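Letters A, B, ... are given to chains in the order of the sequence lines, protein chains preceding strands, and every chain is numbered from 1. Computed from a prediction, not measured in an experiment: that's the story for all the values here. Computed from heavy atoms alone, side chains included, the values below leave out hydrogens, waters and symmetry copies.
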Amino acid sequence: MNEKIAKIFFEIASYIQMKEDGFRVVAYRKAGNNIRSLKEDIKDIYERGGLKDLEKIPGIGKNIAKKIEEYLKTGKIKTLQRLKKEIPVKLNEISAIEGMGSKKAKVLYDKLGIRNIKELERAVKAHKIAPLFGFGEKTEKNILQGIEFLKKDKGRSLLGQIMPTVEEILARLGSLKEVKEISVAGSVRRMKETVGDVDILATSNKPEKVMDFFVSLPGVVKVWGKGKTKSSVRMEQGFDVDLRIVKPESFGSALQYFTGSKEHNIATRKIAISKGLKLNEYGVFKKDKAIAGRTEQGVYRAIGLPYIPPEMREDAGEITAKLPQIIGYDDIRGDLHCHSSWNGGEHSIKEMAEKAIEMGYEYIGISDHTKFLRIEKGLNEKQLLRQRKEINKLNQELWIKNHGFRILQGCEANIMPDGSLDIKDNVLSQLDYVIAGVHSAMKLPKNKMTQRIITAMKNPNVNIISHPTGRLLLKREEYEIDFDKILRAAKEYNVFLEINSSPDRLDLKDTNIRRTKEAGLKMVISTDSHHKGQLEIIKFGIAQARRGWAEKKDIINTNSAKRLLSFFK
DNA sequence: GCCGTTTTCGGCCCGACTGTTTTCAGTCG
């Protein structure tokens, strides 16, 4: 519910912004952000304490509290409906294009009557945009590029966005006594960074009952089809879920078949054929006799292959190669990229550390933004040194010592366009480690961008490059860099590349992870948490590392703090 | 629209970058 209500307030803010740039816009955005990061469902808060408790949430006053109540009671908010009626522009759609916001959308609507992407695309192609005041040739080109980019990923969602819903569906179905076995399949099981639809597989002696339950799950907005073996629904977040019920003796082979990838399946079927066998979703067959199918392990064994983890099933050599022992989901011993309340985040260093201890970590690295990033309340030299003192003090406290835990201090310094950092070296050298990252001027030409990052790597204080290629999934391309040159420099200057676990980054991506590993370099898996709950997204970074065939030894934060720090020497 | 050991009114919201302009608005982080 929180995410849904937060989105509505962001939407209201954007519609208001079409007309005016005022503090109301900021207020609605702030409310949206605060609702999004609530630990408790806002519905529960309301049901327990009514309007009064809603108003206790920072950024939420009388007015917005009332709107939340209105939504919880009626399922809509009149203000938003009125705004949409007044300006019938699909703002969500248009502002999904990089570089497009409320103001530009307003001009396009006023001058050309453009209401959605389709009309916008037509206008761009007819060159009606460039002559408008404030627009031009470049804008036209950028819009077209943005639209193409959106189309390419149309219908796909971020894995991290849908995962909570998937896990909930699995839990609900799994709790039915009629369900024997259950598993997610498809690209979700392969932990692909974006997914089209969700496939779930189950066995049951009462399929009708399970299907009845499935199509009436909370959040289902449309039932595409419902049968005894397959049902398909649309969830309110905009993705589809298929549930298939198969016979127990075929569960393994069906799981193998529906997990894919398609290319991996073609390759495995060829292997089967070469051994005089037949592999399909019902099992592995010798002549007409099933010799496997009950379990996935059995299927791979029957065709003479080792068990291949789902994350590796992309026909990227996994069939023929000697499989590495890829990193496990429990191998990480600490998180090095975490922001604290010093950056305006919700949680103090202590709270972040407590969460890390709860997760079984041995250390946490606090790496707050530095001064160039004003909006993130970036720290200056003085503040970093003050933070150093606070961390030293915390490390002396019993609750930390008793856990053998340690807080490390880093920072995430900004790499300026010339490759310099925004913090003086004599301060950087007093931290336990330094992350450097690009947060501005992302459209530099390839050689300049490459040189910029390499210059930063040359700084002897720099240990890690955060989100090295700058991509934002479904939104922004990587910036142009010569990745091989970056790898060579990383080796020469002993710098580690980050695998950023944020579901919209996952940067490095799987193929770059593999290249990095093959170049003989180690990496670090981090969350870039701005909130203690986000420490849990490490699983998406680990998944990406597994997709890139990284082993435990390739990831430096699978080591103890002591060993880890020795890598930075 | 929210907020208050200065306050119930008057602050809050910064800077770089881009693509437009010829001094700046819009967007993004």
Side-chain angles (χ1 to χ4, degrees), chain A residues 8-35 51 54-68 70 77 79-80 83 91 94-110 124 129-146 339 343-345 368-380 412-418 420 422 437-445 448-449 452 466-467 470-472 475-477 479 500 502 504-505 507 528 530:
Chain A
I8 288 175
F9 288 134
F10 289 131
E11 215 178 344
I12 291 177
S14 300
Y15 277 105
I16 295 174
Q17 202 179 19
M18 286 178 105
K19 300 189 292 188
E20 60 174 66
D21 241 335
F23 294 108
R24 281 171 71 212
V25 176
V26 183
Y28 276 113
R29 294 232 161 95
K30 199 191 243 169
N33 270 323
N34 290 346
I35 292 169
L51 283 172
L54 289 180
E55 283 179 44
K56 282 188 195 149
I57 302 168
I60 292 177
K62 276 204 158 50
N63 201 309
I64 290 188
K66 271 217 178 102
K67 289 194 168 65
I68 295 170
E70 183 189 350
I77 293 181
T79 308
L80 180 58
L83 285 164
L91 208 46
I94 291 184
S95 53
I97 301 167
E98 178 86 352
M100 291 293 291
S102 296
K103 291 297 166 68
K104 286 194 173 152
K106 177 76 164 31
V107 174
L108 292 175
Y109 174 66
D110 286 346
V124 170
I129 306 283
L132 294 178
F133 188 81
F135 291 75
E137 294 289 328
K138 275 254 178 72
T139 317
E140 216 167 53
K141 231 171 139 185
N142 283 343
I143 291 175
L144 202 57
Q145 232 176 21
H339 300 272
N343 267 166
D368 277 323
H369 285 294
T370 53
K371 62 187 177 189
F372 169 84
L373 271 189
R374 300 291 291 251
I375 188 82
E376 298 272 14
K377 295 196 164 67
L379 309 185
N380 60 28
E412 186 182 16
N414 296 291
I415 305 178
M416 309 311 286
D418 65 357
S420 65
D422 63 339
V438 169
H439 294 100
S440 63
M442 300 178 195
K443 285 190 175 167
L444 292 186
K448 285 221 171 101
M449 191 56 117
R452 174 185 186 182
S466 56
H467 37 75
R471 72 172 181 169
L472 285 182
K475 194 144 192 200
R476 183 174 76 203
E477 293 279 10
Y479 28 73
N500 188 299
S502 187
D504 63 344
R505 289 196 185 268
D507 179 11
D528 203 348
H530 286 69

Nearest-Å distance once atom P is located in both B:dT7 and B:dG1: 25 Å
Atom pair distance, as rounded to whole Å: CD in A:Glu140 and C1' in B:dT20: 14 Å
Side-chain N,O (A:Asn142) to OP1/OP2 (B:dG19) below 4.0 Å: yes
Among B:dC13, B:dC17, B:dC2, the nucleotide that comes nearest once only the side chain of A:Asn63 is considered: B:dC2
Nearest listed nucleotide, side chain of A:Lys104, among B:dG29, B:dT27, B:dA16: B:dT27
Length of the line joining A:Phe372:CZ and B:dC28:C1', which is rounded to integer Å: 11 Å
Contact nearer the 5' end of DNA chain B, comparing A:Gly134 with A:Ala27: A:Ala27
Watson-Crick/G-U partner (both atom distances under 3.5 Å) of B:dT8: none
Same-atom distance (P) from B:dC9 to B:dA16, integer angstrom: 37 Å
For atom CZ of A:Phe10 and atom C1' of B:dT27, their distance in whole Å: 16 Å
Closest to the A:Tyr28 side chain, choosing from B:dG26, B:dG29, B:dG1: B:dG1
Between B:dC14 and B:dT8 - P atom distance, rounded Å: 24 Å
Side chain of A:Ser440 (C-beta onward), nearest among B:dC13, B:dG26, B:dA16: B:dA16
Donor-acceptor pair, side chain of A:Arg471 and main chain of A:Tyr479, under 3.5 angstrom: no
Plane angle bin for A:His439 and A:His369 - parallel if under 30°, tilted between 30 and 60°, otherwise perpendicular: perpendicular
Main-chain N/O of A:Asp507 paired to A:Asn500 side chain as donor or acceptor, under 3.5 Å: no
P spacing across the pair B:dG26 / B:dT20, given as an integer number of angstrom: 14 Å
A:Lys19 versus A:Leu83, closest heavy-atom pair with distance: NZ-CD2, 3.8 Å
B:dC2 pyrimidine/purine six-ring stacking with A:Phe23, under 5.5 Å and 30°: no
Integer angstrom distance from the C1' of B:dT22 to that of B:dC12: 32 Å
Closest to side chain of A:Ile64, choosing from B:dT20, B:dG26, B:dG1: B:dG1
Sugar-phosphate, base or nothing in reach of A:Leu373, heavy atoms under 4.0 Å: nothing
Contact under 4.0 Å: A:Thr139 side-chain N or O vs B:dT18 OP1/OP2: no
Closest-nucleotide 5' rank along DNA chain B - winner of A:Ala130 and A:Val25: A:Val25
Side chain of A:Lys103 (C-beta onward), nearest among B:dT20, B:dG26, B:dC17: B:dG26
Sugar-phosphate, base or nothing in reach of A:Met100, heavy atoms under 4.0 Å: sugar-phosphate
Spacing of A:Asn414 atom CG relative to B:dC14 atom P, expressed in whole Å: 18 Å
Touch class at under 4.0 angstrom, heavy-atom based, for A:Ser102 against every strand present: sugar-phosphate
B:dC13 and B:dG29, which share atom name C1', separated by this distance in whole Å: 14 Å
Nearest-angstrom distance from the residue atom NZ of A:Lys106 to P of B:dG26: 11 Å
Distance in angstrom units between A:Glu137 CD and B:dG19 P, rounded: 13 Å
Touch class at under 4.0 angstrom, heavy-atom based, for A:Phe135 against every strand present: sugar-phosphate
Side-chain donor/acceptor of A:Glu140 to backbone N/O of A:Ile129, under 3.5 Å: yes
Check: A:Asn414 main-chain N/O paired with A:Asp422 side-chain donor or acceptor under 3.5 Å: yes
Sugar-phosphate only, base, or nothing, as touched by A:Leu444 at under 4.0 Å among non-hydrogen atoms: nothing
Distance, rounded to the nearest Å, where A:Asp422 contributes CG and B:dA16 contributes C1': 13 Å
Any side-chain donor near an acceptor of the partner, A:Asn34 and A:Lys30, under 3.5 Å: no
Value in whole Å for how far the P atom of B:dA25 lies from CG of A:Leu132: 18 Å
